[in-house]
Amino acid sequence: MVGKILIIGPERSTSYQIILLQPLRYLEELGYFTFDIQSHKQATKSTISSYDIIIFLRSIEPDTLRCLEWAHLLGKKIIYVIDDHFLAIPTTTRIGQLYSQPSYQKTCTTFLETAHVVKVESPIMYELIRQQFNPHVIYFPGCVDFSFFKPWNKRKKHEGQLVIGYEGAKKESSFQPVIAAMKQIMMEYGDIIRLEFYGYCPAELKDHPNVTHMEHNEDYGQFMKQLFQANWDIGLAPMEDKLYYHCKSNVKFRDYASCHIPGIYSLSPVYRECVFHKQTGYFVPQTKQGWYLGIQEMINNPQMRKSISKRALKVVKKHHTLKLCAANWKKLLHDL
């Protein structure tokens, strides 16, 4: 019996909802343990003392080190869950400039080196941590909780219209070749094509009459309903060819596949285990020409889109189930 688990991290974050909340809630309902979550500002030494296992989620703020010190002093088992390679974060954004400061880099390194287990979301991150920081690192893929999916109706589209979408965070440099390709596509295909963005929308496309932009829904269950009902014909997943992005998870594939959306993906190692070209997704080089030709072929080949959608869904239902992910978490926790 594991006992009580305390997660120290942001409760409203998408990472918490996807990585921890779904599988841990599943195991809690089966009676394996109980768990709570607090921010590092809420947590006290007294609070930490009453739990058996402390899970730190994406901890990088220097203030979180005091919670780590308390956990070590109290003899608690410590898991560091990380889904970004903060030590390789590009400094082209405000958050990148902040996290690249020495105090943040030191915090991340301390967690990586002193946690009893580091749990990561990508096989490349697994190898990097194992070789450079901590031999006690574990990787297993995230999941899709299909209990979210009710008998929802997909949105009806105008006859002959094709919708291309993107959901996710801001990726300005990753989107540069996509923007150029999409401008050419929309010029050639006219009103047949609509673009929809959930979350980030490139400024260069935002004012186009065929582009719709919606803010990201922070409730993951509601977001998945929204994505499923959107009824996109094609999902976009651009990714820069840099180490930071190589250490990302394949969550975009899981989201698209579970919502029956055939995806076009940058030729990135992130998708090595799940995307097979023209079978479970469509790979393109990260260039304007690569994206243009890939989008064009997907538009012109509805049968290929349908086949990709069906095969990708099978992959998710086989390798990314909540039950399988929960079993991996159960083993990790019991082996501590």
Side-chain angles (χ1 to χ4, degrees), residues 1-84 107-121 125-126 129-130 133-148 219-221 249 320-336:
M1 186 73 177
V2 171
K4 296 175 64 181
I5 298 171
L6 176 64
I7 300 163
I8 296 179
E11 184 174 7
R12 292 178 59 84
S13 72
T14 302
S15 294
Y16 169 63
Q17 295 177 66
I18 296 175
I19 300 171
L20 293 173
L21 179 59
Q22 296 179 67
L24 296 193
R25 183 169 55 191
Y26 177 87
L27 292 171
E28 183 180 51
E29 289 172 355
L30 292 175
Y32 288 109
F33 50 73
T34 61
F35 74 95
D36 299 297
I37 181 167
Q38 293 185 359
S39 72
H40 70 275
K41 294 180 179 179
Q42 293 173 305
T44 65
K45 186 176 181 180
S46 175
T47 302
I48 290 173
S49 70
S50 63
Y51 290 86
D52 303 295
I53 296 173
I54 312 298
I55 298 177
F56 289 91
L57 174 62
R58 291 175 54 86
S59 297
I60 186 171
E61 295 86 355
D63 285 352
T64 58
L65 283 177
R66 70 174 184 273
C67 296
L68 178 65
E69 291 169 3
W70 291 334
H72 277 299
L73 285 170
L74 293 164
K76 304 301 178 181
K77 294 295 184 181
I78 298 166
I79 302 173
Y80 186 38
V81 174
I82 187 168
D83 58 351
D84 271 320
T107 300
C108 183
T109 301
T110 302
F111 273 100
L112 290 173
E113 292 177 342
T114 66
H116 295 107
V117 176
V118 179
K119 164 67 175 75
V120 297
E121 296 294 300
M125 189 71 163
Y126 166 83
I129 300 302
R130 186 181 65 83
F133 298 97
N134 193 329
H136 304 294
V137 59
I138 189 166
Y139 159 73
F140 51 80
C143 64
V144 174
D145 184 354
F146 280 96
S147 69
F148 285 147
D219 183 301
Y220 189 65
S249 76
H320 298 284
T321 65
L322 175 58
K323 188 174 181 180
L324 180 59
C325 185
N328 286 325
W329 269 105
K330 180 183 173 185
K331 185 177 188 307
L332 186 163
L333 294 164
H334 279 272
D335 286 350
L336 270 178

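Below, each value reflects all heavy atoms present in this structure, side chains not excepted, and no hydrogens, waters or symmetry copies.
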Does any part of the side chain of Ile78, heavy atoms only, come nearer than 4.5 Å to the side chain of Thr114, both counted from C-beta? no

Ring of Phe140, cation from Lys119 - is the NZ or CZ under 6.0 Å from the centre and inside 45° of the axis? yes

Non-hydrogen atoms of Asp52 and Val2 that approach each other most closely: OD2-O, 3.4 Å

Nearest 0.5 Å, what's the CD1-NZ distance between Ile55 and Lys76? 14.0 Å

Between Cys108 and Ile82 the two heavy atoms that sit nearest each other are SG-CD1, 4.1 Å

Between Tyr220 and Gln17 the two heavy atoms that sit nearest each other are N-OE1, 2.7 Å

Can you check whether Phe35's main-chain N or O pairs, donor with acceptor, with Glu28's side chain at less than 3.5 Å? yes

Would you compute the distance between atom NZ of Lys331 and atom CD1 of Ile138 and round it to the nearest 0.5 angstrom? 6.5 Å

Under the criterion side-chain contact (heavy atoms from CB on, under 4.5 Å), I'd like the reasoning laid out for Leu68 against Leu65: C-alpha separation, chi angles, the key distance, then a yes or no. CA-CA 5 Å; Leu68 178 65; Leu65 283 177; 4.0 Å; yes

Which atom names give the shortest non-hydrogen contact between Asp145 and Gln22, and what distance separates them? CB-OE1, 2.9 Å

Which atom names give the shortest non-hydrogen contact between Ile8 and Cys67, and what distance separates them? CD1-CB, 4.1 Å

Distance, nearest 0.5 Å, that separates NZ of Lys4 from CD1 of Ile53: 12.5 Å

Please step through side-chain contact (heavy atoms from CB on, under 4.5 Å) for the pair Leu322 and Phe146, ending with a clear verdict. CA-CA 8 Å; Leu322 175 58; Phe146 280 96; over 6 Å; no

So Asp84 and Ile60, side-chain contact (heavy atoms from CB on, under 4.5 Å) or not? Walk me through it. CA-CA 11 Å; Asp84 271 320; Ile60 186 171; over 6 Å; no

As an exercise, state the distance from NZ of Lys45 to CZ of Arg66, rounded to the nearest 0.5 Å. 13.0 Å

For a 4.5 angstrom cut-off between non-hydrogen side-chain atoms, does Leu24 reach Phe33? yes

Can you give me the closest heavy-atom contact between Trp329 and Ile19, atom names plus distance? NE1-O, 3.6 Å

Which is it for Asp83 and Arg58 under the salt bridge (Lys or Arg N to Asp or Glu O under 4.0 Å) test, yes or no, and what are the steps along the way? CA-CA 7 Å; Asp83 58 351; Arg58 291 175 54 86; 2.5 Å; yes

Just verifying a value: how many Å separate Ser39 OG and Leu57 CG, rounded to the nearest 0.5 Å? 12.0 Å

Using 0.5 Å steps for rounding, measure from the CG atom of Leu336 to the CD1 atom of Ile79. 4.5 Å

Go through Ile7 and Tyr16 one step at a time and tell me if the side-chain contact (heavy atoms from CB on, under 4.5 Å) criterion holds. CA-CA 9 Å; Ile7 300 163; Tyr16 169 63; 3.8 Å; yes

Within the side chain of Asn134, is there an N or O that forms a donor-acceptor pair under 3.5 Å with the backbone of Val118? no

